[in-house]
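Following: one structure in structure tokens, then a few remarks.
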Amino acid sequence: MRYKGTVYRPPSEGNSLVIQATIGCPHNKCSFCNMYKGTQFRVRSVDEIKIDLEMAKEFHGDYVETVFFADGNTILMKTEDLIEIFDYTRTLFPKVHRITVYGSAKYILLKSVEELKKLRSAGLKRLHSGMESGDDEVLKLLNKGATADEVIRAAEILKKADIEVSQYIMIGAGGREISRKHAINSAKVLNLCNPDFIRLRTFMVFPGTPIYDLYKNKTFQLLTPHEALEETKLLIHHLEGINSTLLSDHISNYWNVEGKLPEDKKHMLKELDYALTLDDSNFRYPGRAQL
Ligand code: SF4
């Protein structure tokens, strides 16, 4: 396999074969993200991708069961091209039972339900989507390129196509100022999306990003560990009427809160109450580690 630049994949794809179908991110404008800065976005040709799949076949034989097609927003590729690479993947690796890609609302909405259904039939089982927030003010601050309403519509069409939705929420993305509204409105949107997975990440700032500049000039304030745990509590408290699995599967988080909704809600809140009895100094401070 030939990789270009740093390749990112969700932690839950740690055992997956990772193939770059795109290089970089077509949006590349989120104010907090430095993942593909300096990388010119391009879609790799189907032939190029097929060669990588063949190289993987030579290396892994029949052992591959899950495949993640990186980089950012691979869902934007032409539907017929995605179908061709998914079909080829399943031909080369007969044990594959899950193909996944990244896609934010802006790019999911470029597809029709019919197209998404075809992709589902070709093997696209799950889509990882960086929703980040359900609050329009925060989404604007993050320059995410989508509104809360678009996030809801994107989740709706994925569900109609029977594609699992894995939504990523960033605790602290509104800073101190918009913390409460960010938590409550994110819960409201998640309640309407009912995603299969809600995955929490704690907001971090990276040099070279617009949010970092706001942080440096004190316009934007990172949450302390206790504030982040309080925001997480508020978010979970407002999650109602959904049957999502909530996970904290990322090193950025202060506490590993996880469970199935609705049955584990009380337990998760209790866990957070316990975490809040610990002094702030007990927590690693990932948001500041690299400043
Ligand atoms: S859409 Fe994702 S990869 Fe692209 S800039 Fe935003 S956070 Fe980064």
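For ligands, and for the atoms within them, numbers begin at 1 and follow the listed sequence.
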Enumerated ligand 1 atoms positioned under 4.0 Å from heavy atoms of [X]:
{"X": "Met35", "answer": "3 (S)"}
{"X": "Asn28", "answer": "4 (Fe), 5 (S)"}
{"X": "Asn73", "answer": "1 (S)"}
{"X": "Tyr36", "answer": "3 (S)"}

Among all protein heavy atoms, pick out the one at the shortest distance from atom 6 (Fe) of ligand 1; state its residue, atom name and that distance to 0.1 Å. Cys30 SG, 2.3 Å
Best match, Lys144, His27, Lys29, Met170: closest heavy atom to atom 2 (Fe) of ligand 1: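 That would be Lys144.
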Examine Cys33 and say whether one of its N/O/S atoms is closer to atom 8 (Fe) of ligand 1 than 2.8 Å.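 Cys33 does place an N, O or S atom closer than 2.8 Å to atom 8 (Fe) of ligand 1.
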Which segment of Cys25 sits under 4.0 Å of ligand 1 when only heavy atoms are counted: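 The answer is the side chain of Cys25.
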Taking heavy atoms and a distance under 4.0 Å, where does Tyr102 meet ligand 1: side chain, backbone, both or neither?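 Neither; no heavy atom under 4.0 Å.
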[Y]/[X] salt bridge by N-O under 4.0 Å criterion:
{"X": "Lys117", "Y": "Asp162", "value": "no"}
{"X": "Lys106", "Y": "Glu150", "value": "no"}
{"X": "Asp136", "Y": "Lys140", "value": "no"}
{"X": "Glu137", "Y": "Lys181", "value": "yes"}
{"X": "Glu48", "Y": "Arg42", "value": "yes"}

Under the ring pair (Phe, Tyr, Trp, His ring centres under 6.0 Å) test, residues paired with Tyr8 that sit two or more places apart: Tyr36
Is it the case that the side chains of Glu13 and His128 hold a donor-acceptor pair, with the cut-off being a distance below 3.5 Å and no angle test? yes
